[in-house]
Number of protein chains: 2
Amino acid sequence: MKVLVVEDDQFHASYLQDALSDALPEVTEIIHAVDGAEGELAARQGEISAVVMDLQMERRNGIEAACTLWAERPETRVLFWSNYADDAYLRGIAQIVPDDSAYGYILKTASPDRLKLALRAVLVEGQIMVDREIHRRQKRNESPRTRLSDSEFVVLLDLVLGLQDKLIAKRRGMSLRTVQNRLLSLYDKLGVDQSHDENLILNKRVRALNRALVTRTINIETLEAAERELEIWLRENR
Amino acid sequence: MKVLVVEDDQFHASYLQDALSDALPEVTEIIHAVDGAEGELAARQGEISAVVMDLQMERRNGIEAACTLWAERPETRVLFWSNYADDAYLRGIAQIVPDDSAYGYILKTASPDRLKLALRAVLVEGQIMVDREIHRRQKRNESPRTRLSDSEFVVLLDLVLGLQDKLIAKRRGMSLRTVQNRLLSLYDKLGVDQSHDENLILNKRVRALNRALVTRTINIETLEAAERELEIWLRENR
DNA sequence: TTGAGACTTGCGGGAACCCGCAACACATCT
DNA sequence: AGATGTGTTGCGGGTTCCCGCAAGTCTCAA
């Protein structure tokens with residue numbers, strides 16, 4: 001059994017390789033790639049169906065890599081291994097995971113035992129496994145007024161790119177006023193107005209981006225990925 | 001000689017402790033703290049004058065910790081050890097470092113040899129040492145129109161908090177128009193307008209925050225730290 | 001069928017933002 | 001002294017943003 005490790009931090013990579021050879025004796029070969037692009041290449045050439053994937057990487061992040069990877073071989077089993085439980089990652093993964101492929105999501109802060117368990121469950125047994133910590137966050141966000149709906153999320157992505165209402169409406173096929181309504185509920189859910197001082201009025205748009213970042217709803221990589229998608233959309237629409 | 005290690009990632013912490021005891025035989029005791037607040041406490045109680053400090057930490061980040069730490073014992077030698085060469089960190093450190101204390105800044109991606117060299121140079125010899133990679137970035141930003149002046153930077157901090165022009169003017173003691181001029185040059189230097197498509201107009205404020213993040217001029221911790229400072233200012237000015 | 005609730009859309013207006021134009025202060029260099 | 005550059009301030013107006021009000025659609029359930 002061959003396993004591909006995609007991870008740009010050398011310490012974490014070697015720690016992970018130790019855990020791998022320790023927990024899974026059936027592993028015969030460990031291939032190491034340092035970013036998403038390299039990982040895609042390695043997976044294609046090595047015909048690999050078991051991957052451990054870091055999420056934050058320089059050139060091409062884990063979600064994008066997993067996307068092309070699953071497009072080529074949907075049965076590939078992927079264990080995502082990340083520092084953070086950012087909501088943006090969860091959404092991203094949820095959107096691209098094929099119907100019946102095994103995957104998992106575990107935090108780097110997890111104990112060695114839990115990591116080994118996840119490695120076996122996902123890569124060998126083909127189970128779905130999500131770190132408890134992450135599940136808790138997802139639940140918390142699911143609460144009444146906190147969790148963003150999908151349509152709110154895409155408007156947030158456009159907002160943080162700096163698009164103005166009219167263009168968002170055009171891109172998403174909504175009327176101007178509807179976009180503004182979405183923004184309204186965004187401001188509400190992100191807690192834009194509940195600042196410390198009462199009679200303190202803030203710039204809602206900037207504040208929304210700020211809040212989305214500190215609540216880990218999005219992160220800088222989300223920004224960069226959204227930028228790339230915008231560029232594609234722009235080319236298609238002159 | 002006692003050394004305090006402030007670092008919340010267990011792998012990095014143990015790697016660092018190995019490097020320490022390997023490179024500096026004169027070290028008799030290594031104390032480990034997992035965030036800024038704990039680090040301050042440990043330094044105070046242990047009367048420690050040599051510290052290796054991570055920058056990104058949950059409760060209280062490395063710069064804030066170093067600040068109180070240097071306030072109590074200005075001769076403390078601090079080696080900052082970080083994943084990123086974000087400009088915000090450089091500015092933060094430059095502002096708080098006492099006149100004649102030793103400090104250093106090294107990246108986690110540095111080779112073990114370079115790390116050991118830095119440990120010896122800063123903690124034992126009391127030299128100033130900045131990673132070449134970081135110096136290069138600083139130089140790059142120093143180029144003609146790219147580098148932000150200090151006054152532009154503070155306006156940027158207010159902007160990203162969501163303050164509106166009038167309030168920024170009040171807080172920084174400038175006229176409204178001056179603030180807007182600062183913003184103008186900010187937009188220019190951050191490359192707010194140079195979007196892919198020509199006739200594409202963006203929301204400047206949001207775009208400025210976006211650009212500042214992806215160019216690593218600021219990061220999420222900068223946001224959180226700025227928020228705390230704003231809160232203090234608000235209390236003082238009702 | 002009727003009614004409640006959620007979502008969409010248009011209109012209108014006040015506030016904030018962006019910025020060109022112009023005047024003035026201050027420092028530096030020739 | 002004069003020129004030049006940089007930074008500060010006011011004014012005016014075009015644009016965008018934010019949102020209350022109101023009317024319309026769609027769904028679900030009583």
Side-chain angles (χ1 to χ4, degrees), chain A residues 142-195 197-212, chain B residues 142-195 197-212:
Chain A
E142 227 159 323
S143 73
R145 293 255 191 300
T146 328
R147 175 133 192 107
L148 301 186
S149 74
D150 281 346
S151 70
E152 282 158 353
F153 193 76
V154 299
V155 171
L156 174 61
L157 287 183
D158 286 348
L159 163 65
V160 303
L161 286 175
L163 303 190
Q164 24 193 84
D165 299 3
K166 218 190 305 181
L167 201 56
I168 300 179
K170 188 175 166 194
R171 182 177 184 192
R172 303 300 178 187
M174 299 189 250
S175 86
L176 195 69
R177 194 62 181 86
T178 300
V179 171
Q180 294 175 330
N181 278 336
R182 287 279 139 76
L183 289 173
L184 226 34
S185 59
L186 259 184
Y187 298 152
D188 182 29
K189 291 188 182 175
L190 290 174
V192 163
D193 272 329
Q194 60 200 53
S195 53
D197 197 324
E198 198 47 46
N199 48 7
L200 172 64
I201 302 161
L202 299 171
N203 181 307
K204 316 258 173 166
R205 300 199 144 220
V206 172
R207 194 68 189 162
L209 174 46
N210 186 318
R211 297 291 306 155
Chain B
E142 226 159 323
S143 72
R145 292 255 192 300
T146 327
R147 176 134 192 105
L148 302 186
S149 73
D150 281 345
S151 69
E152 282 158 353
F153 193 75
V154 299
V155 171
L156 173 61
L157 287 182
D158 286 347
L159 162 65
V160 303
L161 286 175
L163 302 191
Q164 24 193 81
D165 299 3
K166 218 192 303 181
L167 200 57
I168 300 179
K170 189 174 163 193
R171 183 177 183 192
R172 304 299 179 187
M174 301 190 249
S175 86
L176 195 69
R177 195 61 182 85
T178 300
V179 171
Q180 295 175 329
N181 278 335
R182 286 278 139 76
L183 289 173
L184 227 34
S185 58
L186 260 183
Y187 299 151
D188 181 30
K189 290 187 181 175
L190 290 173
V192 163
D193 272 328
Q194 59 200 54
S195 53
D197 198 323
E198 197 47 46
N199 47 5
L200 172 64
I201 302 162
L202 299 170
N203 181 308
K204 316 259 174 170
R205 299 198 145 220
V206 172
R207 195 68 189 164
L209 174 46
N210 185 318
R211 296 292 306 155

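Below, chains carry the letters A, B, ... as their sequence lines are ordered, and counting in each starts from 1.
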Can you tell if the side chain of [X] reaches within under 4.5 Å of the side chain of [Y], non-hydrogen atoms only?
X: A:Asn203; Y: B:Val206; value: no
X: A:Tyr187; Y: A:Arg211; value: no
X: A:Leu202; Y: B:Gln164; value: no
X: A:Glu152; Y: A:Leu183; value: no
X: A:Leu209; Y: A:Leu159; value: no

### Task
Dump the intermediate steps for side-chain contact (heavy atoms from CB on, under 4.5 Å) on A:Arg172 and A:Val179, then the final yes or no.
CA-CA 9 Å; A:Arg172 303 300 178 187; A:Val179 171; 6.0 Å; no
### Task
Could you tell me whether the phosphate oxygens of D:dC19, OP1 or OP2, come under 4.0 Å of any side-chain nitrogen or oxygen in A:Lys204?
yes
### Task
Ignoring backbone atoms, establish whether A:Arg177 has a side-chain N or O less than 4.0 Å from OP1 or OP2 of C:dC11.
no
In whole angstrom, give the distance that lies between atom [atom1] of [X] and atom [atom2] of [N].
X: B:Arg207; N: C:dC18; atom1: CZ; atom2: P; answer: 14 Å
X: A:Arg172; N: C:dT8; atom1: CZ; atom2: P; answer: 14 Å
X: B:Arg205; N: D:dT16; atom1: CZ; atom2: C1'; answer: 12 Å
X: B:Leu183; N: C:dG20; atom1: CG; atom2: P; answer: 14 Å
X: A:Leu200; N: C:dA16; atom1: CG; atom2: P; answer: 12 Å
X: B:Asp188; N: C:dC18; atom1: CG; atom2: C1'; answer: 14 Å
X: A:Asp158; N: D:dT16; atom1: CG; atom2: C1'; answer: 17 Å
X: A:Lys166; N: D:dT15; atom1: NZ; atom2: P; answer: 9 Å

### Whichever of B:Ile201 and B:Leu176 has its nearest DNA chain D nucleotide further upstream toward 5'
B:Leu176
### Message
For B:Gly173 and A:Asn203, find the nucleotide of DNA chain D closest to each by heavy atoms; which residue's nucleotide sits nearer the 5' end?
### Response
B:Gly173
### Task
Could you verify whether a donor N or O on one side chain and an acceptor N or O on the other, from A:Asn181 and A:Arg177, lie under 3.5 Å apart?
yes
### Task
Scan B:Gln180 against the nucleic acid and name what it touches under 4.0 Å (heavy atoms): base, sugar-phosphate only, or nothing.
base
### Query
Just checking A:Leu184: base, sugar-phosphate only, or nothing, at a heavy-atom cut-off of under 4.0 Å?
sugar-phosphate
### Query
Do you know which two heavy atoms are closest between A:Arg207 and B:Leu161, and how far apart they sit?
NH1-O, 2.8 Å
Please write out the pairs of protein N or O atoms and N or O atoms of nucleotides 23-28 of chain C separated by less than 3.5 Å, giving the distance to one decimal.
none

Are any protein N/O atoms closer than 3.5 Å to N/O atoms in nucleotides 4-8 of chain D? If there are, list each pair with its distance.
residue : atom : partner  : partner atom : Å
D:dT8   : OP1  : B:Arg182 : NH2          : 3.1
D:dT8   : OP2  : B:Arg182 : NH2          : 2.1

### Task
Could you walk me through whether A:Leu200 and B:Leu167 pass side-chain contact (heavy atoms from CB on, under 4.5 Å), step by step?
CA-CA 9 Å; A:Leu200 172 64; B:Leu167 200 57; 3.2 Å; yes
### Task
Would you mind telling me which of D:dT16, D:dC18, C:dC17 lies closest to the side-chain atoms of B:Gln164?
C:dC17
### Task
Find the distance between CG (A:Leu156) and NZ (A:Lys189) and round it off to the nearest 0.5 Å.
11.5 Å
